[in-house]
Every structure is written in C-alpha cells, then in structure tokens.
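So the structure is just underneath, and the comments pick up after that.
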Amino acid sequence: MIVHLTAQQNLLLGNIDPADKPAIETLLAEHHILTIEQISGVRRNGLACPALPTCSLAITEAERVMPKVVVQFETLLSTLGIPDEPITIRMTGCPNGCARPYMAEIGLVGRSLNKYTIFLGGSAVGIRLAEPFLDLVPLNDIAPTLQPVIAYFRDQRQAAESFGDFCARVGLPTLRGIVASEANEAVNGD
C-alpha cells in the first residue's frame with residue numbers, strides 16, 4: 001500500500017489489493033477515520049491555517065474554529081436541500097493567506113478578534129481569485145449572513161455551475177443586495 005498526503009491535507013491510500021479493502025475499511029472505522037463517502041463536500045474541501053496560538057502573525061482563530069464553521073455550513077446546506085454541494089471554504093487568522101483563502105469559493109480572512117472578511121467567487125481549481133464581499137463579519141454570523149446567497153445559488157445556478165462560478169457570473173454587487181434585502185426584511189419583520 002502507498003500513502004499520499006495531498007495539498008488539501010487528505011490521505012490517499014493507493015495500490016490496495018482488492019482482497020484487503022474490507023479489512024482496511026474495518027480498521028479505519030475502528031479508529032473513527034471517515035472515508036470520502038462519509039465526508040461532506042464542504043468538509044472535504046475546507047482548509048484552515050494554524051493561526052492562534054501557533055502563529056505569531058494571527059489576529060484571530062482559524063484552525064481551531066474551522067470545524068464549527070464547517071458544521072454551520074453543513075447544516076445550512078442540508079436545510080437548503082443541497083447537503084452534498086462541494087463548496088470550497090478556506091480560513092486564515094490573518095491577511096497573509098496561508099490556507100489560500102483568496103482562491104476559495106468562500107474565503108474567510110481574520111481581521112479583528114472573532115471577525116472576518118468574507119471573500120467570494122474564487123475558483124475551486126485555482127484559476128480565479130475571490131473578491132472581498134463583506135468585512136468584519138463576526139464568526140457566528142458568517143453562515144447566517146451567507147444563507148440568502150447560497151439559497152439564491154441553489155435557485156438560480158446554471159446546470160453543473162459551481163458556487164464560485166455562480167458568484168463570479170452574478171456579481172458581488174447583486175449578492176450584496178440580496179444580503180442587504182434579507183437583513184432589511186429581518187429588521188422590518190417583512
């Protein structure tokens with residue numbers, strides 16, 4: 001068996017004899033190691049830098065809070081009826097961008113204590129940069145803030161269009177308007 005570590009921090013097990021596969025799957029299950037079929041697209045494509053307390057440049061958390069962010073997005077996508085959507089989310093604790101948030105479909109960049117700049121529209125395959133969408137969004141408000149954008153994506157996307165491609169096609173001014181409209185409705189009780 002050959003083991004590869006990918007740039008996405010995944011382990012790939014290769015050259016497995018088909019006869020050994022059930023035993024390997026049993027061993028993985030015994031140690032609570034999930035296989036690709038058991039991992040959501042958001043979790044599979046998520047990446048965070050170490051940030052606090054490891055990095056002296058970090059302004060806020062990334063690696064330690066990324067699991068919470070992923071759960072919020074998994075819940076949101078499930079609620080919207082698109083639980084397997086493989087949206088790429090990358091999170092860093094400072095603008096240096098060690099986890100490459102500026103390439104992600106959703107990039108989260110630490111700006112202040114528990115507040116992040118949200119970048120949208122990057123390409124999952126790295127051919128387009130994300131653009132700043134909203135600034136100083138509190139950690140617990142990231143997924144709820146993006147809920148109307150992701151719902152719009154669900155309803156208006158073209159066949160097989162990724163979230164990043166959708167954001168780039170529709171444009172961030174339109175998406176900001178959708179978020180502002182949703183916020184106004186919440187305030188006004190409409």
Side-chain angles (χ1 to χ4, degrees), residues 41-43 45-77 79-80 85-157 161-188 190:
V42 170
R43 189 171 301 273
N45 293 314
L47 189 64
C49 74
L52 294 174
T54 306
C55 179
S56 62
L57 300 174
I59 299 167
T60 191
E61 295 282 356
E63 186 177 54
R64 292 192 298 188
V65 298
M66 183 65 164
K68 177 182 177 181
V69 170
V70 167
V71 167
Q72 290 173 346
F73 276 98
E74 287 172 332
T75 301
L76 173 60
L77 292 172
T79 300
L80 293 173
E85 193 62 42
I87 295 174
T88 301
I89 301 174
R90 296 190 179 149
M91 182 177 214
T92 60
C94 79
N96 286 334
C98 293
R100 304 181 311 276
Y102 307 112
M103 300 292 288
E105 293 176 297
I106 299 174
L108 307 172
V109 178
R111 283 262 293 135
S112 180
L113 183 60
N114 293 321
K115 293 185 180 174
Y116 298 81
T117 301
I118 299 174
F119 287 77
L120 293 181
S123 166
V125 295
I127 58 172
R128 181 184 53 251
L129 291 173
E131 296 179 34
F133 180 63
L134 296 172
D135 197 22
L136 297 171
V137 178
L139 176 65
N140 292 329
D141 294 344
I142 293 170
T145 297
L146 290 178
Q147 184 274 335
V149 172
I150 295 172
Y152 189 64
F153 161 70
R154 177 200 61 199
D155 298 339
Q156 301 297 320
R157 74 194 235 179
E161 187 174 34
S162 70
F163 182 72
D165 290 347
F166 172 81
C167 292
R169 178 177 61 83
V170 171
L172 297 190
T174 298
L175 299 178
R176 282 187 196 99
I178 290 167
V179 169
S181 176
E182 185 84 11
N184 286 338
E185 285 180 19
V187 169
N188 296 326
D190 295 340

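Worth saying up front: this structure is predicted, and the values here are computed from it rather than measured. In this chain, residues are counted from 1 in sequence order.
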Rounded to the nearest 0.5 Å, how far apart are [atom1] of [X] and [atom2] of [Y]?
X: L129; Y: Y102; atom1: CG; atom2: OH; answer: 10.5 Å
X: I150; Y: I178; atom1: CD1; atom2: CD1; answer: 12.0 Å
X: L136; Y: K115; atom1: CG; atom2: NZ; answer: 6.0 Å
X: F119; Y: R90; atom1: CZ; atom2: CZ; answer: 14.0 Å
X: F166; Y: L175; atom1: CZ; atom2: CG; answer: 6.0 Å
X: I118; Y: T145; atom1: CD1; atom2: OG1; answer: 5.5 Å

request  = Keeping the roles fixed (side chain from T79, backbone from T75), state whether a donor-acceptor pair exists under 3.5 Å.
outcome  = yes
ask   = Can you tell me if D141 uses its side chain to pair, donor with acceptor, with the backbone of V137 under 3.5 Å?
value = no
Any side-chain heavy-atom pair of [X] and [Y] under 4.5 Å:
X: Y116; Y: V65; result: yes
X: V69; Y: M91; result: yes
X: F73; Y: I87; result: no
X: D165; Y: E105; result: no
X: C167; Y: E131; result: no
X: T88; Y: M103; result: no

request  = Kindly write out the residues that satisfy side-chain contact (heavy atoms from CB on, under 4.5 Å) with A151, not counting sequence neighbours, or none if the list is empty.
outcome  = L80, Q147, R154
Ignoring hydrogens, what is the shortest heavy-atom contact between [X] and [Y]? Give both atom names and the distance.
X: A51; Y: G93; result: CB-CA, 3.9 Å
X: P101; Y: A130; result: O-CB, 4.3 Å
X: R176; Y: P132; result: NH2-O, 2.6 Å
X: A143; Y: Q72; result: CB-CB, 3.8 Å
X: E85; Y: L77; result: O-CD1, 3.9 Å
X: L52; Y: C55; result: CD2-O, 4.5 Å

query = Can you check side-chain contact (heavy atoms from CB on, under 4.5 Å) on T92 and R100, steps first, answer last?
reply = CA-CA 8 Å; T92 60; R100 304 181 311 276; over 6 Å; no
task = Verify side-chain contact (heavy atoms from CB on, under 4.5 Å) between V149 and E182, making sure each step is shown before the conclusion.
result = CA-CA 10 Å; V149 172; E182 185 84 11; over 6 Å; no
ask   = Should L120 and F163 be marked as a side-chain contact (heavy atoms from CB on, under 4.5 Å) after you check the CA-CA gap, both sets of side-chain angles, and the distance that decides it?
value = CA-CA 9 Å; L120 293 181; F163 182 72; 4.0 Å; yes
task = May I have the step-by-step check of side-chain contact (heavy atoms from CB on, under 4.5 Å) for K68 and E61, ending in yes or no?
result = CA-CA 11 Å; K68 177 182 177 181; E61 295 282 356; over 6 Å; no
